[in-house]
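Whatever order the structure lists them in is the order used to number ligands and atoms, beginning at 1.
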Amino acid sequence: MLQQIKNIARGQRQNEFFWRYGFNFRPSVNYKLNFPVEFNANAEKVVENLNRDGIAVTSIDELLADKKPFAELESAVESMLASRRDELAEIKLKAGDASAIGEKTFNVELLGSEVEFDAESVFARFALQETFLNIANAYFGMLVKLRYYNVWQTFATVGAARESQLWHFDREDNYILKLFLYLKDVDEGAGPFTYAPKTHRKGGLWGKQPEFSLEQNVMRSNDEQMSAVVPKENWVKGTGKKGTIIFADTRGFHKGGEARTDDRLMFTAMFTSPASDSKRLLHFPDELKPNSLTKKQICALEIK
Ligand SMILES: O=C(O)CCC(=O)C(=O)O
């Protein structure tokens with residue numbers, strides 16, 4: 001019975017009207033009434049591209065006037081890599097283990113799979129930058145929640161594409177905004193994030209489902225299957241220099257991390273609506289030092 005009620009509620013949540021004005025009423029109204037935003041032209045372009053295509057590619061240089069947080073992030077990641085060199089070399093040896101489907105052995109979450117939120121940490125401060133929150137809030141039309149941030153090292157492997165290296169979409173919410181910031185140049189061989197434009201809920205190809213196979217109950221499509229729905233020449237392949245930032249609504253079809261010749265290193269963060277049933281990957285201490293956070297940042301966290 002409880003499961004049936006949950007299923008009905010989940011079904012209603014798919015409906016845009018109920019999702020926004022039922023499940024997310026307060027964050028939608030609160031955003032519209034209390035958080036007017038003045039965008040710079042580059043941030044505005046990001047929101048425009050996201051609305052139209054479900055993906056926007058930009059860079060630290062274009063988007064952020066203050067470069068200090070990026071410099072701090074880079075230096076924190078470099079120290080982390082240096083201090084964990086031997087451990088990571090060990091992990092890399094098992095990166096190609098295709099028998100461990102579900103564990104994404106080719107991808108290491110350097111901050112751990114669950115993160116203790118620390119308002120002072122360079123990672124939290126980076127994810128909670130005003131410009132990112134403004135973009136996420138504008139894309140959703142409400143005050144969103146930051147669900148996680150992390151640093152990923154994706155190891156180059158051989159073998160057939162698997163898990164997120166194949167086309168799929170995420171399910172945590174009606175819109176799911178992920179940010180990927182490259183901390184090293186990413187070429188074709190380093191497994192760029194790749195997106196099928198307009199397959200997000202606001203796009204013209206929403207609802208078009210390519211043929212797929214089930215991999216542990218998750219629908220995965222290969223390139224041939226995907227290209228029957230969105231021609232390959234329309235895919236956005238996110239190759240780019242260090243400092244490239246990709247925003248993507250991963251409710252649309254995407255894949256990435258099929259690194260073959262070079263490891264990939266990137267910072268990532270995810271935003272969803274407050275009503276999302278996304279797993280809790282950020283944990284908050286009792287004493288959060290909210291004085292160090294703005295009102296907008298506090299709204300983006302699962303605390304009150
Ligand atoms: O590693 C990638 O580029 C893809 C990541 C992905 O599929 C996701 O975060 O949903």
Under 3.5 Å: N/O of [X] near N/O of ligand 1:
X	value
Asp170	yes
His254	yes
Trp152	no

From the candidates Glu258, Arg251, Arg264, the one that places a heavy atom nearest atom 2 (C) of ligand 1:
Arg264

Determine yes or no for a side-chain-to-main-chain donor-acceptor pair under 3.5 angstrom, with Ser79 supplying the side chain and Ser75 the backbone.
yes

Is the side chain of Glu74 donor-acceptor paired with the backbone N or O of Ala71 at a distance under 3.5 Å, no angle test?
no

Closest to atom 9 (O) of ligand 1 among protein heavy atoms sits Lys178 NZ, 3.0 Å

With a cutoff of 4.0 Å, is Met270 in contact with ligand 1, counting heavy atoms of the residue only?
no

Is the closest heavy atom of His168 to ligand 1 under 4.0 Å?
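Heavy atoms of His168 do come under 4.0 Å of ligand 1.
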
Using the rule ring-ring contact (aromatic ring centres under 6.0 Å, His included), only one of Phe193, Trp167, Phe169 pairs with His254; which is it?
Phe193

Under a 4.0 angstrom heavy-atom cut-off, which atoms of ligand 1 come close to Ser164?
7 (O)

Atoms of ligand 1 less than 4.0 Å from Phe193 heavy atoms?
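Answer for ligand 1: 3 (O), 4 (C).
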
Salt bridge or not for Arg162 and Glu215, using N-O below 4.0 Å?
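No.
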
Using a distance-only test with no angle check, is there a side-chain donor-acceptor pair under 3.5 angstrom linking [X] and [Y]?
X	Y	value
Ser99	Asp97	yes
Ser273	Asp173	yes
Thr239	Asp187	no

